Amino acid sequence: MSADQPRVLVVEDEPAQREVLAYNLEAEGFEVFKAESGDEAMLLFEEAQPDVVVLDWDAAGRFGN
């Protein structure tokens with residue numbers, strides 16, 4: 001991926017929702033990183049340093065249930 005692409009971290013515990021969000025964001029030119037839990041998101045956040053996070057507040061782990 002290009003360094004010019006904005007990076008988005010998608011945190012969603014429902015696989016279908018996560019894939020739809022990622023697909024649409026990628027189609028618009030974003031570099032997308034996907035996490036299914038808050039704990040995974042924290043690791044990816046440190047690694048990927050996204051420009052924005054799309055967060056399912058009810059996702060399992062650190063942020064939700």
Side-chain angles (χ1 to χ4, degrees):
M1 299 279 169
S2 169
D4 297 339
Q5 288 179 290
R7 292 179 300 262
V8 178
L9 173 56
V10 174
V11 185
E12 172 59 65
D13 59 342
E14 295 291 332
Q17 290 287 347
R18 189 171 56 248
E19 292 306 317
V20 167
L21 285 167
Y23 175 84
N24 285 296
L25 288 165
E26 288 168 347
E28 292 298 322
F30 293 93
E31 182 176 5
V32 178
F33 300 87
K34 300 176 276 186
E36 68 176 288
S37 71
D39 294 326
E40 184 181 359
M42 293 301 290
L43 294 172
L44 272 174
F45 186 86
E46 290 292 325
E47 180 181 310
Q49 297 184 349
D51 298 300
V52 69
V53 176
V54 177
L55 175 64
D56 172 5
W57 196 254
D58 291 332
R62 187 175 299 248
F63 306 118
N65 304 333

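In this text, all values refer to a predicted model and were calculated from it rather than measured experimentally. What's counted below: heavy atoms across the whole structure, side chains too, no hydrogens, waters or symmetry copies.
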### Message
Would you say V52 ends up clustered with V32 if hydrophobic residues are merged whenever their side chains have heavy atoms under 4.5 Å apart, either directly or through other cluster members?
### Response
yes
### Message
When you measure from the side chain of E14 to the backbone of A16, do you find a donor-acceptor pair of N or O atoms at a distance under 3.5 Å?
### Response
no
### Summary
Here the gap from L44 atom CG to E36 atom CD, rounded to the nearest 0.5 Å, amounts to 11.0 Å
### Query
In Å and rounded to the nearest 0.5 Å, what is the CD to CZ distance from E40 to F33?
12.5 Å
### Summary
Minimal heavy-atom distance between E12 and R18, with the atoms involved, is O-NH1, 2.5 Å
### Query
Which residues satisfy the side-chain contact (heavy atoms from CB on, under 4.5 Å) test with D51, sequence neighbours excluded?
P6, R7
### Task
Can you sort out the partners of E19 under side-chain hydrogen bond (donor to acceptor under 3.5 Å, both in side chains), two or more places apart, ordered by chain and number?
K34
### Query
In chain order, what residues pass the side-chain contact (heavy atoms from CB on, under 4.5 Å) check against F45, with sequence neighbours excluded?
L9, P50, V53
